[in-house]
Every structure is written in C-alpha cells, then in structure tokens.
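The next block holds one structure in the form of structure tokens; read it before the comments.
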Amino acid sequence: MSANAYYTSMKKFIPIFLSLALLMACSGNNNKNQDQQKQSQLAQQVKAETLRSWQGYKTYAWGSDVLLPLSKSSENWYDEPLYISPIDAYSTLRVMGFDDEAKEIENYVIDSLHFDKDIYVKVFEVNIRVLGGLLSMYQYTGNEKILAKAEDFGRRLLPAFETGTGMPAYWVNLKTGRIKGDTINMAEAGTYLLEMGILSYYTKDPVFYQKAKKATFAAYDRRSEIGLIGERMDIQTGEWTNRSSHICAGVDSYFEYLYKAWLLFGDPDLKDAWDNSIAAIEKYIPEIQDSLVWYGRVDMDSGEHISSVITLYDAFFPGLLAISGNIEKAEKLQRTWDWLWNQNGLEPMAYDYKKHEPTYPVYDLNPEIIESAYYLFHFTGDSTYYNMGVTYWNDILQYCKNDMAFNAIENVVTKEKRDYMATYFFAETLKYFYLLFGDHGTFNFDDYIFTTEAHTFRRDQFNKTEAAKRLGF
Ligand code: DMJ
C-alpha cells in the first residue's frame, strides 16, 4: 500500500482514536481525583480524631503530663507536671492547621511553665519531648519568650553531662543539677545532637551541641574492632555493661541522630560515624528467617547472633534507611514489619522472630511503622506504603479508639485495653498518619527534618556555614 493510500484508510479512524484518548485521559483523571478524594478524606479523619483527642486531653488532663483516657483522669511523670502532652502536641497541631489550639499552648507555656523544680527528670525523655517541643514551638512562632524557656530548660539538663565519659546521667534534678544513675543505654546517651544542636544554633552558644557530640562520640569511640557499639555503658568509667549490638529500643535513635543531625548541620564527623556504623550494621546484624529480613542482636565483638528478640521501636529503621539512600533494604525491612503488624492487627512491643511469639504483648500507640510507611511512600510513590498506613489506621480505630481519645493495648492478641495515651501519640503517630494520607501541598517532606519525637524543623533555616560557627565544629 502506498503512503497516501495508507493515510486515506487510516483517516477514518482518527475520530475513534481521539475519542478513545479523551476517554482514557478522563478516566485517568477520574481515578486520580478519586484517589485524591480518598486521600484527603482520610487526612480529614485523622485531623478530626486529633481534635477529638486534644479536646479529651483538655477536658480531663489539662495541665498534666498524660491523659488516662479510660478512667478519664490524668497522670504526671514526676511530682510536678511539665505539660509534656501539650508541648508534644504543639507541632502536630500546627502541621494540621489547628492554630488557635496551638496558640493556647504557647500562652500556657509562657504564663505557667517554670522549670525551677526540685524534681529528678529522665534526661533522654525530656530532651526529646520537652526541649524538642519547645524548640519547634519557637521555630513556628519566633516568640523569644519560648526560646528563653527552651534555653533555661536546656541549661538545666547540662549538669547531667558532667560525667567521666561525657555521657549524660539517666536522671538530673532540674533545680539542683544533682545527677543519679550509673549506667545508660546508647539511645539515652546519644539522642541529643538535634535538640542541643538546634539550641546552640538559636542561642549561638556551642555548649549544648558540644555536650551532645561528646556524649555520642563517647559511644562511637568505644566501638569494637568490627565497628559495632554495645547497648549499655558505665557513664563514669566507659566500660560496656551490655555488649549486645543492635538497632532496637535502647540504641535506635543514636543511629538516627548521626544521620539526621549531619543532614541538618553538615558536621562531617557525624557523616563519618554514620558511614562506618551503617556498614558494620549491614555486615553483621540482618538475618533471614521465614523469608523475611530481621535485624536481631549480635555480640559487638564477634558479630555472632545472640538474640532474636526485637522491639516495635525498631520499625523506625526502614525510614532511616530510606532517607539515607538505601531504599531497597528499607523496602525489604518494611515488609517484615508489615507482616508482623498483620499477625494480630497491632504489633507487640517485643517479639521473638525465631520462637514466633510476642515476648511483651503491649501496644502503646507507637508510631514507628507508620513513620517508615510515610518515608517510603514519599521516596517511592508506591501506593503499597499508603495502603499499609490505611490498614494501621483502621486497626487503631478499631482497637484503640475510645469515647474520648485513644488508649494503649495491654495485649495485642486479646486486645485488652490499657488506660494510657502516650504523649508521642500526639507528637508522632497522628502526625505521621496525617502526612501519609495527604495534604502534601502545604507540607513538603523535603523541607523538614523530623526529630525522633517527630518535632518538625525547616531545613532551610539552618545554614551549614553558620551552623559550623554556632555549634563549634
Ligand atoms: C518516642 O518517644 C521516640 O520516637 C523515641 O525515640 C522512641 N520511641 C518513642 C515512641 O515509640
């Protein structure tokens, strides 16, 4: 057939092709619109549940650290409250656009929160929740009174770092600066680089970052010949008191902060430590069991596996692998966590992957698996991760929702309830669900760093040359 004859015969099909193309474009758009609608409906549902829980906290626990949702009462961590729930909730309320509720917290902190209290506080826990929350509040508001509170609080934590190794004591008294506790795990020793670094950046006083860095490197410099760190150390002598090496609860955020603090400030020492640490982790820790990859516990000197008990906190690791560029490993590991979640509809606090049984069946409304689903959905665009989030959300609605807020679960098998709503449920769990389910127009993942408590900091507000000067590296 000549070219002309061919075009003449094809001409009659042109209107059909055009209609088909139009139809496909329309149905593509329809699907996209439907997806977007579904996404935004879920995000709206998370927002509504956040507001409902916040109102529950305000009604029954205002001024206290924690809401006990089943007994409709409250609890403080210490003899006097530190307003941990509201401070933790602040950045989530801002991310969701609840600005009036957030303003109320800001005013309350300024008018009523003072730290000159004769109480021993857990240095790690209040650093990630109270100091991190206040710093995020300062970044959102620019209110110098909030920065003054954060600085006052940060200075009250500093005496904890006056030890033989530079690792903080477990407890410090906010009024007297006295310390308690002989040993510490590596998460409690090495999760300060972000909060203390940000405080140094804002105050232009390097002392905070310097203490944090010394504490982190007190662990790193005592790594074994094969490059692994242990779990627990004597803060005065620097002797390892537990030589089990892992990425589980008790060490987890030590690694998270090496990488994220490097991203935010650009201190090359952190990048070196991260590169060496992740190489050793990947060489010795992962193992395959039942076709899934598990990050168990090994001996820090020999690298031999010594335990197959993992904790649900470890589900932060796919997110960390993803942000540090290791998408393939992140995806594999997330499949393991998703499998574990789906065994019972919620995940247990501790699980033995060789015995196939929960060793501590509590679920405390923890965020890590959702955090990693959010990171992976962001980096891959694969709806698998979005759908994982939908499952987790529906399970939490089914098993943990109560008439005023949400409660923890005593046993993921029986679903027996527990009268507690952890403060990080506001800071992390609800925030990660909301971000996973949509509204990326107003919140762009790449613009922010999340602390281990999911307090959000805009990356562009930290200039790296300036950071080197202000943090002293
Ligand atoms: C949070 O307080 C922080 O993420 C911490 O680093 C460990 N995990 C809890 C929530 O599970």
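Counting starts at 1 for both ligands and their atoms, in listed order.
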Checklist entry - Just one of W337, Y374, Y385, W341 clears the ring-ring contact (aromatic ring centres under 6.0 Å, His included) bar with Y392, so which one? => result W341
Next on the checklist: Below 30° counts as parallel, above 60° as perpendicular, anything between as tilted: where do the rings of F153 and F115 land?
Outcome noted: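 Taking F115 first and then F153, their aromatic rings sit tilted (interplane angle of 30° to 60°).
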Item to check | N/O separation below 3.5 Å, E368 to ligand 1 | outcome: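 Yes; at least one N/O pair falls below 3.5 Å.
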Next on the checklist: I'd like the name of whichever of T452, L365, N366 reaches closest to atom 6 (O) of ligand 1 through any heavy atom.
Outcome noted: T452
Checklist entry - Among the heavy atoms of E256, does any lie under 4.0 Å from an atom of ligand 1? => result no
Checklist entry - Touching ligand 1 at all, E125? Heavy atoms, strictly under 4.0 Å? => result no
Checklist entry - Heavy-atom contacts under 4.0 Å between Y313 and ligand 1: side chain, backbone, both, or neither? => result side chain
Next on the checklist: Once you restrict to heavy atoms under 4.0 Å, what part of I128 touches ligand 1? Side chain, backbone, both or neither.
Outcome noted: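 For I128, the contact with ligand 1 is made by the side chain alone.
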Between [X] and [Y], does the ring centre distance come in under 6.0 Å?
X	Y	result
F437	Y386	yes
F445	F379	yes
Y108	W62	yes

Checklist entry - Considering the options M196, R156, E151, which one meets the side-chain contact (heavy atoms from CB on, under 4.5 Å) requirement together with L131? => result M196
Checklist entry - Considering only the protein, which heavy-atom contact is closest to atom 1 (C) of ligand 1, and what is its distance? => result E428 OE2, 3.1 Å
